[in-house]
Amino acid sequence: MAEPESNPFAQATVAVQNVHVRYRVPSTDAAERRRGANFVKRAARTVLGNDPKVLVRALSGISFVAKSGEQIGLVGQNGSGKSTLLRIIAGLENPARGRVLAESTPVLIGVNAALVPDLSGEQNIRLGCLAMGLSPEQAEEAVPDVKQLAGLGKSIYLPMKTYSSGMGARLRFAIATAANPHILLIDEALATGDAAFRERSEARMQRLRQGAGTVFLVSHAAQTIEESCTRAIWLNKGRLVLDGPAQDVALRYRKWAWAVAKDKPDEAKQIIEKAFSEREQTHVHVEDTKQPRQYTARHVRAPKNARPTAQRK
Amino acid sequence: MSAPVPPPQPSSSATSADVADLYKEIFTGQQAALEVVSTGRLSQVGARPPIGTYLKQLWGRRHFLWAEARAKVTSGTRETLLGQAWLVISPILNGLAYYLIFGLILNTSRGIENFLGYLVIGVFLFQFTTQCVTNGAKSIQSGRNLIRAFSFPRASLPISVVLRSMLNLVPTLAAMLLIIVLLPPAEAWTTASLLFPIVLVLQVMLATGLALLFARMTTVIPDLSQLLGVAMRIWLYASAVFFSIDRFAEYPSIVGIMEANPMFMVLDAARDCLLYATVPDAGTWIGLSAWSVGALVVGFLFFWQGEESYGRA
């Protein structure tokens with residue numbers, strides 16, 4: 001497994017700078033209903049049947065830089081902001097504060113299974129390839145490859161609404177990797193795949209990373225992160241707890257999760273506070289350069305092994 | 001040849017990007033790491049591109065637009081016994097229903113020459129605008145799966161709705177022309193009929209502009225989709241679909257308002273071309289062109305301005 005530390009000259013592919021995300025969402029919490037708001041507002045709520053809106057801080061102050069060749073695992077409880085972070089990196093949502101910079105368009109593979117439910121898997125492959133900007137010829141070329149990676153057999157000709165969630169996820173993964181994205185974001189999508197598919201998908205991700213790409217992987221299973229990632233980021237309640245080598249982060253996260261599961265809040269608190277204090281805070285500084293680029297663009301270079309290696313003068 | 005190929009030598013000298021990464025080396029020893037990235041190499045994700053780039057991206061996705069529209073047209077009738085034949089049968093049945101009720105039973109011509117033709121043109125063409133506007137307004141909602149999966153210019157969705165309605169319009173138009181030519185009183189083709197496609201082009205531009213406009217407006221105020229149905233019905237009655245504008249001859253202000261209505265101009269011009277063998281007057285052409293171009297430009301700019309907001313669910 002490639003170790004990021006050994007390669008200080010790996011190019012930055014994604015820079016997340018002090019990102020904050022908030023949502024205003026309706027809440028049925030009775031305490032929230034009684035709190036604040038004058039009489040008129042409460043009366044209006046009752047008449048219209050609306051619930052009071054509360055502010056949810058989904059992410060606060062996240063900063064890190066991802067390098068080429070890294071596979072970064074995101075760990076954390078349900079609702080800790082992992083999926084939100086991926087959506088922000090993919091540019092599908094914009095943060096309330098801060099910004100995300102990327103070298104190329106990131107491709108996100110989410111959990112909602114169907115793309116266009118009425119269409120067959122095969123038609124969805126074509127549509128997805130075209131949506132990513134491939135030409136009809138390229139899309140046609142990609143179809144056999146995608147079919148093979150998805151490995152759905154004859155089911156590929158059935159409407160996608162008849163697929164199980166695992167089948168849908170496999171197809172989405174196969175489609176998303178058809179365009180050879182440099183930055184791939186995977187949101188639990190592979191958790192539903194069977195063993196054979198997992199092997200194939202891991203080979204595919206390996207290939208993407210060797211092409212100087214970066215892969216982000218969300219998973220609850222710390223073991224998956226430990227096995228396949230080079231680096232891990234632990235999120236808790238929208239905050240970054242720890243960012244470091246996958247082994248270390250995943251181990252601490254497992255210990256913490258175990259303490260929470262065994263109902264030992266003090267121990268859990270101790271672990272998380274220790275992690276917090278040892279965390280190396282990252283400040284991302286963005287230089288706004290308007291000068292013409294002095295290096296050859298990545299897509300112009302030779303596709304393989306073109307990663308610059310460490311060479312000191 | 002079995003000689004192992006040596007990996008290509010790294011060709012990078014110390015460029016500005018590499019120097020930027022060197023900063024990391026220097027600063028990692030400290031508790032707070034500073035990461036410096038430059039906008040020369042990374043660009044902000046999810047940022048709204050300038051209008052020229054946006055149009056170019058949209059043009060690049062033309063195959064996607066076309067594929068999406070075609071797929072959706074057939075998916076509506078997929079589970080029926082007659083399948084695609086319904087695309088032709090239903091407008092013909094529709095036209096016959098109007099012939100039966102208004103032409104034979106009620107006989108409500110009220111001084112309108114060829115009332116059946118008048119009615120059919122009004123109903124069928126107005127139906128196209130209604131489809132474009134109401135489905136266009138829903139397009140962001142219904143395309144959420146695609147929005148969450150791929151990044152593409154979001155204007156693709158409302159535009160694809162218009163394309164789909166145009167595909168639906170083809171059999172409808174055929175039925176309409178058949179009714180006009182075959183059923184009594186039969187009309188003959190004249191040179192004025194050749195102008196009909198131009199009227200259609202202007203109508204499509206108008207509908208596209210409105211679809212884009214309402215697509216963004218309903219994402220901001222979801223309640224609008226409830227109001228839109230009522231608004232379209234009022235517009236239908238205000239566009240002289242079932243009756244002649246001569247009814248209001250004694251109220252010049254009402255006539256003035258109705259004549260400024262772009263859909264009235266569309267229907268009036270279409271009837272002039274197809275039924276009355278006259279070339280629509282210059283005022284109609286100028287007024288309709290102004291509406292169409294205006295709606296398209298305003299709708300497009302308005303939609304483009306909100307480009308960053310559509311990913312939010």
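Atom set for the values below is all heavy atoms of this structure, side chains included, hydrogens, waters and symmetry mates excluded.
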So which of Gly128(A), Ala90(A), Ala176(A) has the largest heavy-atom pair count under 4.5 angstrom toward chain B?
Gly128(A)

Without swapping roles, check the side chain of Glu307(B) against the backbone of Trp304(B) for a donor-acceptor pair under 3.5 Å.
no

CA sep, side-chain torsions, deciding dist, call: Phe303(B), Tyr310(B), ring-ring contact (aromatic ring centres under 6.0 Å, His included)
CA-CA 10 Å; Phe303(B) 188 90; Tyr310(B) 303 125; 4.5 Å; yes

Select one option (side chain, backbone, both, neither) describing which atoms of Arg154(B) are under 4.5 Å from chain A's heavy atoms.
side chain

Let me know which of Leu55(A), Leu59(A), Val56(A) forms a side chain to side chain contact (heavy atoms under 4.5 Å, CB included) with Arg22(A).
Leu55(A)

Which atoms of Ile88(A) approach chain B - backbone, side chain, both or neither, heavy atom under 4.5 Å:
backbone

Answer key: most heavy-atom pairs under 4.5 Å with chain B among Pro106(A), Gly133(A), Cys129(A), Ala139(A) is Gly133(A)

Report, as yes or no, whether the 6.0 Å neighbourhood of atom CZ on Arg48(B) holds more than 12 heavy atoms from other residues, nucleotides or ligands.
yes

